[in-house]
Amino acid sequence: MTSYMKYVVKRVANYVVMIFIATSLTYLLAASFLNARSNYESRTPRPPQASIEQSLDAANLNDKTPLWERYTRWLGGVVQGDWGVSPTGRPVASELAGRIGNSVKLLAISAVLSVVIGVSLGVYTAQRQYMWQDRALSGMASFLLVVPTVVLAILIVFFAIDINNALPVKIFYVTGLSSYSGDNIFLAFLDFLQHITLPTLVLTIISAVGYHLNQRTYLLDEMHADYVRTARAKGLTKRQAIRKHALRASLIPTSVGVAFSIAGIFTGAVMTEKIFAVHGLGEYFINCINNNDVNGAVAVAAFSGVCTLAGALLADLFAVALDPRIRMS
């Protein structure tokens, strides 16, 4: 086994242990502080007490059962791929799978576009520092950076509605991810694009401005480094020195930031999901907390932990790929 593979295997093994510990602690905290009993006792009419106890036992949410016993029962189910049920009796695994699918549809396109657009603009403006292109684009990015997501989303929705009203056909849909129920693949894809365009635009703008400003800062720091001056002194043009030396080094912190944002990609778009009525993972997590859904909240936390640690591994691999001077022990 190569040193590269040994490094990856070692890191993955460490991450499995970390995920187990973090998820277990999350379950113990959630089971201790979330009051699942209130979900049943607050119903109108109030169910008989025996029925409440039976439902809590079936969902492994009965606070009268010792916490350690509930934990071992939950852990045994997780080992078999069963994340338990919600207070309403629905399997958490199926709920989570549908929400993850919606989040992937909503966020995958915007994640790629925001990185490509943001990093490209950062490189473009850094090479034109203090020129009008830099002032205009960086000023616009700074303005958009402080605009709340809700405000930006509402403005884009109003603009899209005006376009729909001005045209004989409806171009943009504001809510959901689809409304077509036929078998035509082309029409289904077109319907998806009509639904996904507005939330993708919002999320792309929000993320791209951050990548733009960060990449500009990183590249400017590298452009003024001693090794770049040395490369210029050896006969390289400014563009060659930037492309061969400064750009690669400046991409390392950007790639690390992108890798660590994987978890936020799935759970951090709560406001956008609410505004555009996309039932994704972020909305589901908030609902779990509000509804005292212990099993659902822990499942989301575990998935976020996996995404975060996967991002940490990718960040290390990106750094090694971009800078040969970094070596893995």
Side-chain angles (χ1 to χ4, degrees), residues 2-8 10-11 14-15 107-147 152 203-265 268 307-329:
T2 64
S3 59
Y4 184 85
M5 288 303 300
K6 288 181 180 179
Y7 170 81
V8 173
K10 182 179 178 180
R11 294 287 282 181
N14 291 335
Y15 289 158
L107 299 164
I109 300 174
S110 63
V112 175
L113 289 177
S114 61
V115 172
V116 173
I117 295 173
V119 172
S120 299
L121 288 176
V123 173
Y124 178 81
T125 53
Q127 295 182 79
R128 292 160 178 80
Q129 186 181 19
Y130 303 136
M131 298 174 64
W132 70 267
Q133 298 97 325
D134 176 36
R135 295 181 184 277
L137 292 173
S138 298
M140 184 181 299
S142 299
F143 171 75
L144 292 173
L145 192 65
V146 300
V147 174
L152 178 62
L203 293 171
T204 299
I205 293 174
I206 292 172
S207 300
V209 293
Y211 291 132
H212 168 199
L213 296 176
N214 288 335
Q215 181 60 39
R216 177 184 180 274
T217 301
Y218 298 146
L219 184 54
L220 285 175
D221 289 341
E222 297 297 332
M223 286 169 57
H224 296 93
D226 291 338
Y227 71 92
V228 176
R229 294 195 185 98
T230 302
R232 292 290 306 280
K234 290 182 177 180
L236 292 181
T237 64
K238 180 179 179 181
R239 186 178 297 274
Q240 290 173 331
I242 292 174
R243 187 178 68 253
K244 293 183 177 181
H245 300 285
L247 180 58
R248 174 171 289 191
S250 70
L251 285 175
I252 294 176
T254 299
S255 64
V256 171
V258 172
F260 275 104
S261 68
I262 293 177
I265 287 175
C307 291
T308 300
L309 295 180
L313 179 60
L314 288 174
D316 291 340
L317 299 180
F318 285 158
V320 172
L322 291 170
D323 192 346
R325 295 172 299 176
I326 300 176
R327 290 292 179 264
M328 297 174 293
S329 61

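Only this structure's heavy atoms are used, side chains among them; waters, hydrogens and symmetry mates stay out.
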Next on the checklist: Any non-hydrogen side-chain atom of Asn214 less than 4.5 Å from a side-chain atom of Pro253?
Outcome noted: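 With C-beta onward as the side chain, the pair stays apart.
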Rounded to the nearest 0.5 Å, what separation is found between the [atom1] atom of [X] and the [atom2] atom of [Y]?
X      : Y      : atom1 : atom2 : answer
Thr254 : Tyr211 : OG1   : OH    : 9.0 Å
Met140 : Leu121 : CE    : CG    : 10.0 Å
Leu113 : Ile205 : CG    : CD1   : 11.0 Å
Thr308 : Tyr15  : OG1   : OH    : 10.5 Å

Is there a donor-acceptor contact under 3.5 Å from the side chain of [X] to the main chain of [Y]?
X      : Y      : answer
Ser120 : Ile117 : no
Ser138 : Arg135 : no
Arg216 : Val123 : no

Checklist entry - For Val119 and Leu251, what are the C-alpha separation, side-chain angles and deciding distance, and is it a side chain to side chain contact (heavy atoms under 4.5 Å, CB included)? => result CA-CA 9 Å; Val119 172; Leu251 285 175; 3.9 Å; yes
Checklist outcome for this item: Between Ala126 and Leu220, the two heavy atoms sitting closest are O-CD2, 3.5 Å
Item to check | Heavy-atom closest contact (Tyr227 atom, Ala249 atom, distance) | outcome: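 Heavy atoms only, the tightest pair is OH-CB, 3.4 Å.
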Item to check | Derivation and outcome, side chain to side chain contact (heavy atoms under 4.5 Å, CB included), residues Leu107 and Ser110 | outcome: CA-CA 5 Å; Leu107 299 164; Ser110 63; 4.3 Å; yes
Checklist entry - Between Thr125 and His212, does a side chain to side chain contact (heavy atoms under 4.5 Å, CB included) hold up when you go through it step by step? => result CA-CA 9 Å; Thr125 53; His212 168 199; 3.2 Å; yes
Next on the checklist: Whether the Gln215 and Ser250 side chains hold a donor-acceptor pair (N or O, under 3.5 Å, no angle test) is what I'd like checked.
Outcome noted: yes
Item to check | Test log, rule side chain to side chain contact (heavy atoms under 4.5 Å, CB included), inputs Gln129 and Met223 | outcome: CA-CA 11 Å; Gln129 186 181 19; Met223 286 169 57; 5.9 Å; no
